[in-house]
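What follows is a set of notes on a single structure, which appears directly below.
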2 protein chains.
Amino acid sequence: MLKVVGKDGGGEVRSMSDSMTNGDAPPETIGDMGSDEAAPKARRGTGRRLHGAIAHKLGAAIVSGEYRPGDTLSGEVAFSEALDVSRSAYREAVQVLSAKGLVESRPKTGTRVLPRSRWNLLDPDVLAWAFSGEPDIHFVRSLFELRAIVEPAAARLAAERRNKTDLKEMRDALGAMRRHTLATDAGRAADRDFHNAVLAATRNDALVVLTASIGAAVAWTTQFKQRSRALPRNPVPDHVKVYDAIAAGDVEAAGEAMRLLVDLALEDTRSAMEG
Amino acid sequence: MLKVVGKDGGGEVRSMSDSMTNGDAPPETIGDMGSDEAAPKARRGTGRRLHGAIAHKLGAAIVSGEYRPGDTLSGEVAFSEALDVSRSAYREAVQVLSAKGLVESRPKTGTRVLPRSRWNLLDPDVLAWAFSGEPDIHFVRSLFELRAIVEPAAARLAAERRNKTDLKEMRDALGAMRRHTLATDAGRAADRDFHNAVLAATRNDALVVLTASIGAAVAWTTQFKQRSRALPRNPVPDHVKVYDAIAAGDVEAAGEAMRLLVDLALEDTRSAMEG
DNA sequence: TCCTTTATATTACTCCGACATATTAGTTTG
DNA sequence: CAAACTAATATGTCGGAGTAATATAAAGGA
């Protein structure tokens with residue numbers, strides 16, 4: 001099971017407006033899988049609690065399009081029985097989904113999947129769920145576009161506000177990137193460290209949080225890059241250019257260097273996903 | 001019972017200038033408000049469920065700095081009794097907070113407030129909690145800075161990709177802004193509609209979601225603007241400039257006009273908050 | 001002396017069954 | 001025909017019992 005249900009055809013996502021208004025095929029209640037089939041038994045993987053596993057399962061099913069906006073989940077009792085968990089665990093999972101804007105529960109009406117516009121797509125968990133299956137190329141493009149907007153601006157701010165400590169952390173991360181390659185976990189961690197150091201140098205909490213989310217999503221896509229072919233180019237020189245500009249306090253150069261960096265990453269990922 | 005447990009002295013978050021500045025008083029276990037005082041009875045306001053009210057209460061207390069990172073909440077039983085609610089309701093509230101990255105619950109250790117860096121500060125609810133009390137000026141600055149980065153870029157994209165429907169929505173919103181002023185709810189709604197229309201024209205989901213969050217936060221600050229003095233200038237002409245540029249497909253002009261718009265809003269809000 | 005292993009106590013986690021409340025849909029009454 | 005009322009249904013809330021996990025302390029071995 002778990003097949004992709006054709007997502008959005010590409011165009012209808014924007015601006016709430018319709019969402020619910022699918023002319024045909026009235027929303028149906030879902031979750032009535034019980035029957036004879038052996039219960040899915042989405043039992044928890046180590047570390048994760050039971051309600052967390054349920055939330056992951058349902059969340060992934062929702063963002064992957066298996067449950068569509070407007071659909072209403074079968075009642076708490078029925079669904080919890082179908083999942084073979086207690087009603088409490090199921091309810092706590094639904095609260096999590098509700099907190100992330102994926103569903104809304106009301107008495108008598110039941111629990112319904114909210115329109116895409118209400119989803120907290122920048123929530124780290126939601127992003128993880130979105131990338132746990134086949135990621136939507138259109139959405140990945142949106143993320144990179146956002147990254148291409150935010151990160152160069154962050155580099156500009158960093159060039160203005162960085163101090164010695166920030167620069168030292170960037171240098172350390174760069175050194176780690178040289179020692180390991182992007183093919184290793186340590187190398188990717190160093191890459192994240194570098195970008196985090198740049199973000200931290202902006203002295204802007206909102207930027208840090210936002211790019212943490214984007215960075216997590218981008219980290220997923222780098223897996224795809226690895227999957228399709230060996231890493232295509234040495235990323236260190238481009239990072240060094242960013243560092244040099246920030247260290248020199250050259251605002252324009254920092255923004256430009258970072259823009260180049262993000263563009264290259266997008267190019268790599270796109271060719272990897274489309275190819 | 002209920003004595004100090006505090007762990008990390010608070011230094012590990014680094015960066016982000018510890019906003020809520022209370023220097024002293026080591027982390028304590030909290031929730032021991034019971035005693036003689038009449039129970040706070042954070043009973044639900046209409047429409048909001050009980051666990052939602054608890055989550056709101058706790059969330060606001062956390063982001064306002066009343067409970068600090070590293071603090072550990074007194075146990076489920078104790079805290080739920082202190083709040084005079086069942087454990088189920090309390091637990092569901094904690095699940096919500098956990099989903100937003102504010103706390104983490106583990107057996108034996110209890111529920112602890114996570115460092116600021118793990119909070120989903122861009123979550124609409126978290127933002128609402130942050131602005132339910134006295135908003136942190138430094139954080140507001142961060143938000144406006146982010147807005148100053150994202151919205152002009154969004155306007156540029158909108159100038160490239162807008163279609164007739166997008167333009168019509170912007171015109172309608174502008175008309176509504178003219179009829180009502182920013183002093184009325186309808187006027188503020190029209191303002192949001194205009195910005196949402198611009199965002200929708202970018203065809204970028206991530207941008208839409210992000211700016212929805214920021215816009216919600218900005219809406220809170222406009223209340224502060226209203227509070228301090230009558231609205232200082234007529235915002236419609238500036239919005240019209242943005243519209244004209246987008247309608248003309250002039251990328252540079254659109255970005256510049258939007259930059260001006262955000263700068264003015266920041267200026268107004270800053271003077272209102274500082275004055 | 002230091003590290004590893006085991007035991008234990010505390011805490012969250014899960015489950016269950018019952019009742020309360022809210023909201024919709026149908027029915028009745030004016 | 002419309003408005004008020006009643007009933008059905010699903011979520012919301014409750015309290016308690018038992019399980020699983022983990023940090024701390026104790027015991028054992030190197």
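Just so it is clear: chains get the letters A, B, ... in the order the sequence lines come, proteins before strands, and each one is counted from 1. Everything quoted here is computed from the prediction, not taken from an experiment.
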How close or far is atom [atom2] of [N] from atom [atom1] of [X], stated in whole angstroms?
| X | N | atom1 | atom2 | result |
| --- | --- | --- | --- | --- |
| A/Glu81 | C/dC16 | CD | C1' | 12 Å |
| B/Gln95 | D/dG12 | CD | C1' | 16 Å |
| A/Glu92 | C/dC15 | CD | P | 10 Å |
| A/Arg112 | C/dT24 | CZ | P | 10 Å |
| A/Leu50 | D/dA21 | CG | P | 11 Å |
| B/Tyr90 | D/dG15 | OH | P | 16 Å |

Handout entry: Sequence-distant partners of A/His51, ring pair (Phe, Tyr, Trp, His ring centres under 6.0 Å), two or more places apart
Key =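 Residues passing ring pair (Phe, Tyr, Trp, His ring centres under 6.0 Å) with A/His51: none at all.
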Practice task
Would you please classify the geometry between the A/Phe131 ring and the A/Phe139 ring as parallel, tilted or perpendicular, with 30° and 60° separating the classes?
Solution key: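 Geometry flag for A/Phe131 against A/Phe139: tilted rings.
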Exercise for the section: Please work out which of the three classes, parallel, tilted or perpendicular, describes the rings of B/Trp129 and B/His56, given edges at 30° and 60°. Expected result: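 Rings of B/His56 and B/Trp129: perpendicular, over 60°.
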Handout entry: Distance below 4.0 Å between B/Ser86 side-chain N/O and D/dC14 OP1 or OP2
Key =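 True: B/Ser86 side-chain N/O within range (under 4.0 Å) of D/dC14 OP1/OP2.
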Practice task
Kindly say if B/His51 contacts the phosphate of D/dT13, meaning a side-chain N or O under 4.0 Å from OP1 or OP2.
Solution key: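 For D/dT13, OP1 or OP2 has a side-chain N or O of B/His51 closer than 4.0 Å.
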Problem - salt bridge (charged side-chain N to carboxylate O under 4.0 Å, His left out) partners for B/Arg87, two or more places apart - result: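 Salt bridge (charged side-chain N to carboxylate O under 4.0 Å, His left out) check on B/Arg87 returns B/Glu76.
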Practice task
Please list, chain by chain and in numerical order, all residues satisfying salt bridge (charged side-chain N to carboxylate O under 4.0 Å, His left out) with B/Lys168, sequence neighbours excluded.
Solution key: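 Only B/Asp172 meet the salt bridge (charged side-chain N to carboxylate O under 4.0 Å, His left out) criterion with B/Lys168.
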Problem - Heavy-atom check, side chain of B/Pro107 versus side chain of A/Arg49, under 4.5 Å - result: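 SC-SC contact between B/Pro107 and A/Arg49 confirmed.
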Handout entry: 4.5 Å side-chain heavy-atom contact, B/Val94 and B/Arg91
Key =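 The answer is no; the side chains never approach within 4.5 Å.
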Just the atom pairs and distances: protein N or O near nucleotides 4-6 of chain C's N or O, under 3.5 Å.
none

Below 3.5 Å is the cut-off: list the nitrogen or oxygen pairs between protein and nucleotides 8-12 of chain C, distance only.
{"residue": "C/dT10", "atom": "O4'", "partner": "B/Lys108", "partner atom": "NZ", "Å": "3.4"}
{"residue": "C/dA12", "atom": "OP2", "partner": "B/Glu76", "partner atom": "N", "Å": "3.2"}

Practice task
Give a yes or no on whether a salt bridge exists between A/Arg188 and A/Asp185, defined as a side-chain N under 4.0 angstrom from a carboxylate O.
Solution key: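 A salt bridge is present here (some side-chain N lies under 4.0 Å from a carboxylate O).
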Expected list for residues 120-127 of chain A: side-chain donor-acceptor pairs under 3.5 angstrom, two or more places apart:
{"residue": "A/Asn120", "atom": "ND2", "partner": "B/Asp123", "partner atom": "OD2", "Å": "2.9"}
{"residue": "A/Asp123", "atom": "OD1", "partner": "A/Lys100", "partner atom": "NZ", "Å": "3.0"}
{"residue": "A/Asp123", "atom": "OD1", "partner": "A/Asp125", "partner atom": "N", "Å": "2.7"}
{"residue": "A/Asp123", "atom": "OD1", "partner": "A/Val126", "partner atom": "N", "Å": "3.3"}
{"residue": "A/Asp123", "atom": "OD2", "partner": "A/Lys100", "partner atom": "NZ", "Å": "2.9"}
{"residue": "A/Asp123", "atom": "OD2", "partner": "B/Asn120", "partner atom": "ND2", "Å": "2.9"}
{"residue": "A/Asp125", "atom": "OD2", "partner": "A/Lys100", "partner atom": "NZ", "Å": "3.0"}

